[in-house]
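Here is the naming used below: chain letters follow the sequence lines, and residue numbers restart at 1 for every chain.
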Amino acid sequence: MSAPKTAITPTRAEDFPEWYQQVIKAADLAENSETRGCMVIKPWGYGIWELIQQQLDRRFKETGHQNAYFPLLIPLSYLEKEAEHAEGFATECAVVTHHRLEAVKDEETGKTKMIPTGELAEPYVIRPTSETIIGAAFSRWVQSYRDLPLLINQWANVMRWEMRPRLFLRTAEFLWQEGHTAHETAEEAIAETRLMHQVYAEFLRDHLAIPVIPGEKTENERFPGADMTLTVEAMVQDRKAIQAGTSHFLGQNFSKAQDISFTGRDGKVEHAFTTSWGVSTRMIGTLIMAHSDDDGLVLPPRVATQQVVIIPVTPKEDSKQAVIDSCHALAETLRGHRFHGDPLRVLVDDRDLQGGVKKWEWVKKGTPIRIEIGPRDVESRKVCLNRRDRAANEKAFIDKEEFIRDAADLLQEIHDALLEKAVAFRDANITECGELAAFDAHWAQDNPGWLLTPWAGTPEEEDELSKKHKITIRCLPLDGQDGAEAPCLLTGKPTQQRAIWGRSY
RNA sequence: CGGGGUAUGGCGCAGUCUGGUAGCGCGCUUCGUUCGGGACGAAGAGGCCGUGGGUUCGAAUCCCGCUACCCCGACCA
């Protein structure tokens, strides 16, 4: 049987959503579980999350935040405190109503059934987000302006009973981090909101090689209960948008609802200004769709569980051990080198499998660098180098010492190449548009890119356009809100404001 | 929550209309050949056919209930 032209079928061009699923399967990242809408994240996928966690967490600490942990279950009454917020999440809450099970034996079948008993006086909601329960803690912790700012982050799982789950992009349970902060003044809280927004944009660019458009959400698209929502919007290869991270300025909405108050410098009692910000395992879905190709996953080096995989080529029994020893020696040497402060992650795949099988497995798993070493290479002190950002059959024989010296630079080169490619793709697919006719026509295409338009419409007018074309304003990009006045796409009113429209996940 | 579909060895499916107690491909195990490479041959392991009930001498197959999952919409990180 001849091998298929591409490791993944269908290709991106043939059927993008199905390709996405197949990439996940081929790379062994995750699978659907028996539990509705929930996924099992397998080691190769969870490894990406662990690296994202480590690297983001470092940035959070550097910017003055501390980690803490709050309960999974939120008293129902907490969610009722902020009306807009409650309404926003009402339709997707899982509710815990009982606290014990009773074993009941069926006389006929002899089987034991577990019946929920012990109904709770007040049900709990499994957190869809933790503003309310963290706010309750903040109200106890904050007494004086001296207690501020309070800068807390939580790594946790949350649950939103989504109707249409998709691995990583939208699952009923997902992993994320949620930052929650309280400040003395609106200015400080807004500065915090902007700072974390920037941290996200930089993280996506410098760690995941994903360029984003930072911007603000319109009122329609804001987080329930927020005064301002900032977003980083990424474009993936079918030209859809993904909100890769958000940062919210909550004003005093939550502090008033939950009485997060303090005595100020002037002796007066005031309500704090709060923020919240988060990124989730959705970022892994974004990463997959941003970089992967028809041969499978392509991992940005900084979040690759293994950055270099060394495959011994052992055609002859008598030289086999020498080749394997040489591979392990190389791995050990490489581990002594660093990439962005961390030791290189190197694996020798000495499993007793055919070489071709191994090669394709690592291609599909997206390892940035594959090294093959055979008896001839051991003798000539060379290695066969394969880069995941290049064609699967493109190989280069280079001097081993040279490779050792340059390995970290090579990883950076791969990162830069991925980023550059993603930037070029994004820029080629954002079009400026000032004419309503052209705007309307644009969305009739397959996989339309984004449109950048002058915009001064009302929320209702925005809603109308959104529904008509199944699009949303992804953001009002931070860059370009102070440009020349131009007539609004819809109303013709002169405006400096620009909006980016697109289809989204 | 509305519309549709599916449930059979680890995975993907056939068999269901026309009842007779399971079959194919991939994967897995072993042996052999091959191999700077996603190869091939042979042998083998693995399923009371989602679940509860009914009809029948006999049910994966027919009837009724339940559950789960998938797809298409409306809702969303």
Side-chain angles (χ1 to χ4, degrees), chain A residues 1-7 9 17-18 21-22 25-26 28 31-38 87-93 106 108-109 111 113 128-129 156-178 200 217 220-224 229 231-234 241-248 276-286 295-296 311-317 319-320 323 349 352-364 370-378 382-384 386 392-393 395 397 466-467 470 472 504-505:
Chain A
M1 194 171 68
S2 69
K5 287 191 294 291
T6 58
T9 42
E18 182 60 25
Q21 307 277 6
Q22 293 305 324
K25 191 188 270 188
D28 210 25
E31 61 189 22
N32 278 309
S33 83
E34 308 284 297
T35 311
R36 192 203 156 272
C38 296
E87 215 174 294
F89 288 102
T91 58
E92 47 192 69
C93 285
D106 189 308
E108 282 179 33
T109 62
K111 284 182 181 169
K113 287 193 169 176
T129 177
N157 55 341
V158 289
M159 178 157 268
R160 298 181 188 176
W161 209 262
E162 300 290 353
M163 290 296 115
R164 284 245 271 146
R166 287 248 264 147
L167 284 175
F168 290 114
L169 295 175
R170 198 189 302 108
T171 46
E173 181 189 13
F174 58 91
L175 306 182
W176 76 345
Q177 59 69 217
E178 44 181 329
Y200 288 154
K217 287 289 186 189
N220 286 2
E221 301 290 321
R222 238 175 242 158
F223 177 75
T229 288
T231 176
V232 284
E233 295 288 324
I242 300 189
Q243 180 176 313
T246 48
S247 184
H248 315 289
S276 70
W277 29 273
V279 298
S280 71
T281 35
R282 165 177 265 204
M283 217 144 59
I284 297 175
T286 309
D295 286 327
I311 303 175
V313 179
T314 53
K316 295 187 189 96
E317 198 56 40
S319 59
K320 187 174 175 178
V323 169
D349 185 1
D352 187 19
L353 286 176
Q354 274 202 277
V357 176
K358 282 198 252 190
K359 167 190 159 176
W360 282 103
E361 185 177 317
W362 293 113
V363 169
K364 288 184 281 193
R370 290 194 324 279
I371 291 294
E372 297 172 4
I373 298 181
R376 290 204 293 272
D377 309 315
V378 173
K382 285 193 180 294
V383 298
C384 174
N386 298 265
N393 55 6
K395 43 173 84 173
F397 288 88
S466 294
K467 289 225 159 68
K470 296 183 176 186
T472 43
S504 71
Y505 278 96

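A residue-by-residue look at A/Glu162 and A/Arg376 shows that A/Arg376 has its nearest nucleotide of RNA chain B further toward the 5' end.
Nucleotide B/G47 has no partner under the Watson-Crick or G-U criteria, as no pair reaches both atom distances under 3.5 Å. In this structure, B/C17 forms no base pair with any nucleotide, since neither Watson-Crick nor G-U wobble geometry is met with both distances under 3.5 Å. Base pairing of B/G25 is made with B/C11, judged by Watson-Crick or G-U wobble geometry with both donor-acceptor distances under 3.5 Å. With both pairing distances under 3.5 Å, B/A77 is matched to nothing as a Watson-Crick or G-U wobble pair. In this entry B/G32 has B/C40 as its Watson-Crick or G-U wobble partner, both defining distances falling under 3.5 Å.
For the C1' atom pair drawn from B/U29 and B/C13, the interatomic distance equals 23 Å after rounding to whole Å. Between the C1' atoms of B/G44 and B/G36, the separation comes to 32 Å (whole Å). Using atom P as the reference point in both B/G5 and B/C63, the two lie 15 Å apart (nearest Å). Taking atom P on both B/U33 and B/G23, the two are 33 Å apart, rounded to the nearest angstrom.
A salt bridge links A/Glu233 with A/Lys217: the distance from a Lys NZ or Arg NE/NH1/NH2 to an Asp or Glu carboxylate oxygen falls below 4.0 Å.
Judged purely by atom type and a 3.5 angstrom limit, A/Lys364 has no side-chain atom pairing as donor or acceptor with the backbone of A/Ala7. Looking only at distances, a side-chain donor or acceptor of A/Arg282 sits under 3.5 Å from a matching main-chain atom of A/Leu169.
Below the 3.5 angstrom threshold, one finds no donor paired with an acceptor across the side chain of A/Arg160 and the base of B/C76.
In terms of heavy atoms, A/Glu178 sits closest to A/Val158 at OE2-CG1, 4.2 Å.
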